[in-house]
Amino acid sequence: MTAPVFLVEELRGAGPDFVLDGPEGRHAVSVKRLRPGEDVVLTDGRGRWAEGVVTAAEGKDRLLVGGLARVREEPPEQPRITVVQALPKGDRGELAVETMTEVGVDTIVPWQAARCITQWKGERGQKALAKWRSTAREAGKQSRRVRFPEVADAATSKQVAALLAKADLAAVLHSDFEYGSTPLATAELPAEGEIVLVVGPEGGVAADELALFREAGAKAYVLGRSVLRTSTAGTAAAALLLGRTGRWS
């Protein structure tokens, strides 16, 4: 799929011209500068999508799309990959969400870990969560996905443990090499179901959190000899798993 992707609330198949307006229409007309005859893809971000052709551009924020083919639906990938991401400092959270979306992560769960410097509280927390979700949408379109990742509400350690307890593979990236963590590259992966991967903060997963997660059935893993930053570890680990599960084949 090489045509640009645009997000719509409701998707319908063949019929009269589809009107793409609002922020998406403005991006198509004023930023992408699409012209009649160019191909586009419309999606609801939940797996339903259709190809179409630009028939006209009106003003600065209105694109008419015709020739819509039948609406298709992309089934959810198996196994699903959920990354529990400890809150990084500054804009590194958006970087993590952007790159995890690009590689194909299915769900991203923000985690307020004990050693997180960043705190999501009140209105500030809501704004930060909204920014993560906006980043996932934009990265989903940029990477030509039609099923965008879900960015869940921020989770506590107990809520993360509950996710791990239900997972078919529960993994915690733990960079304490004296701990005896197993290489993630050698983990036995399920053919379907849910993989939940926990990425700790820069200071690492606290001992009591690790004990809680192990009690829920999780095992500790490392990626390799080097220690990655929290904003890149989830993407690297997800890429490794996506290649091993065959989702990239």
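Along the sequence shown, residues are numbered consecutively beginning with 1.
Nearest heavy atoms, Leu212 versus Ala161: CG-CB, 3.9 Å. Gln119 and Cys116 get closest at one heavy-atom pair: NE2-O, 3.2 Å. Residues Ala238 and Val103 approach most closely at CB-CG2, 4.2 Å, considering heavy atoms. Listed here is the closest heavy atom pair of Leu189 and Arg244: CD1-CB, 3.5 Å. Looking at every heavy atom in both residues, Arg147 comes nearest to Glu74 through NH2-O, 2.6 Å.
At a threshold of 4.5 Å between non-hydrogen side-chain atoms, the residues Thr107 and Arg80 count as touching. A heavy-atom distance below 4.5 Å is found between the side chains of Leu87 and Trp132. Looking at heavy atoms from C-beta onward, Leu197 lies in side-chain contact with Leu173 at the 4.5 angstrom threshold. Side-chain contact between Thr230 and Arg92: absent, with no pair of heavy atoms (C-beta onward) separated by less than 4.5 Å.
The hydrophobic cluster containing Leu242 also contains Leu223, counting ILVMFWY residues as joined when their side-chain heavy atoms lie under 4.5 angstrom apart, directly or transitively. The hydrophobic clustering, which links ILVMFWY residues whose side-chain heavy atoms are closer than 4.5 Å, places Leu210 and Val84 together. Trp248 and Leu169 end up in the same hydrophobic cluster when Ile, Leu, Val, Met, Phe, Trp and Tyr side chains are linked at under 4.5 Å. Residue Val97 is grouped with residue Val199 when hydrophobic side chains (ILVMFWY) are merged at heavy-atom distances under 4.5 angstrom, including chains of intermediate members. Leu129 and Val109 end up in different hydrophobic clusters when Ile, Leu, Val, Met, Phe, Trp and Tyr side chains are linked at under 4.5 Å.
Side chains of Thr2 and Arg144: no donor on one and acceptor on the other come within 3.5 Å.
Residue Phe148 is found in a hydrophobic cluster whose other members, listed by chain and number, are Leu7; membership requires side-chain heavy atoms under 4.5 Å apart, directly or through intermediates.
With hydrogens and angles ignored, the 3.5 Å screen pairs no side-chain donor or acceptor of Gln85 with any backbone N or O of Gly93.
Atom CZ of Arg214 has 12 or fewer heavy atoms from other residues, nucleotides or ligands within 6.0 Å. Surrounding CD of Glu215 are at most 12 heavy atoms belonging to other residues, nucleotides or ligands under 6.0 Å away. When the shell of 6.0 Å around CD of Gln142 is examined, it contains 12 or fewer heavy atoms from other residues, nucleotides or ligands.
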Which side-chain N or O atoms in residues 29-42 pair as donor and acceptor under 3.5 Å with protein atoms at least two apart or in another chain?
{"residue": "Ser30", "atom": "OG", "partner": "Lys60", "partner atom": "O", "Å": "2.7"}
{"residue": "Arg35", "atom": "NH1", "partner": "Arg33", "partner atom": "O", "Å": "3.4"}
{"residue": "Glu38", "atom": "OE2", "partner": "Arg35", "partner atom": "N", "Å": "2.7"}

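Shown here are the ring-ring contact (aromatic ring centres under 6.0 Å, His included) partners of Phe213, two or more places apart in sequence or in another chain: Trp111. For the side chain to side chain contact (heavy atoms under 4.5 Å, CB included) test, residues two or more places apart in sequence or in another chain that qualify with Asp168 are Pro190, Glu194. The side chain to side chain contact (heavy atoms under 4.5 Å, CB included) test applied to Thr186 returns Thr182, Pro183, not counting sequence neighbours. Considering only residues two or more places apart in sequence or on other chains, Asp44 meets the side chain to side chain contact (heavy atoms under 4.5 Å, CB included) condition with Arg46, Arg48.
With rounding to the nearest 0.5 Å, the separation of CD in Glu94 from OG1 in Thr135 is 5.0 Å. Atoms CD1 and OG1, on Ile195 and Thr245 in that order, are 6.0 Å from each other to the nearest 0.5 Å. To the nearest 0.5 Å, the span separating OG1 on Thr55 from CZ on Phe18 amounts to 12.0 Å. Taken to the nearest 0.5 Å, the CD1 atom of Ile108 stands 9.5 Å off from the OG1 atom of Thr82. Taking CH2 from Trp49 and CZ from Phe6, the interatomic distance works out to 15.5 Å, rounded to the nearest 0.5 Å. In this structure, CD in Gln112 is found 10.0 Å from OG1 in Thr156, a value given to the nearest 0.5 Å.
Using a cut-off of 4.0 Å between Lys/Arg side-chain N and Asp/Glu carboxylate O, Lys141 and Glu24 are scored as salt-bridged. In summary, Glu202 and Arg115 do not engage in a salt bridge, as defined by a charged side-chain N under 4.0 Å from a carboxylate O.
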*asked:* For a side chain to side chain contact (heavy atoms under 4.5 Å, CB included) check, start with the C-alpha distance between Val205 and Val172, then their side-chain angles and the critical distance, and finish with the verdict.
replied: CA-CA 9 Å; Val205 180; Val172 180; 4.0 Å; yes
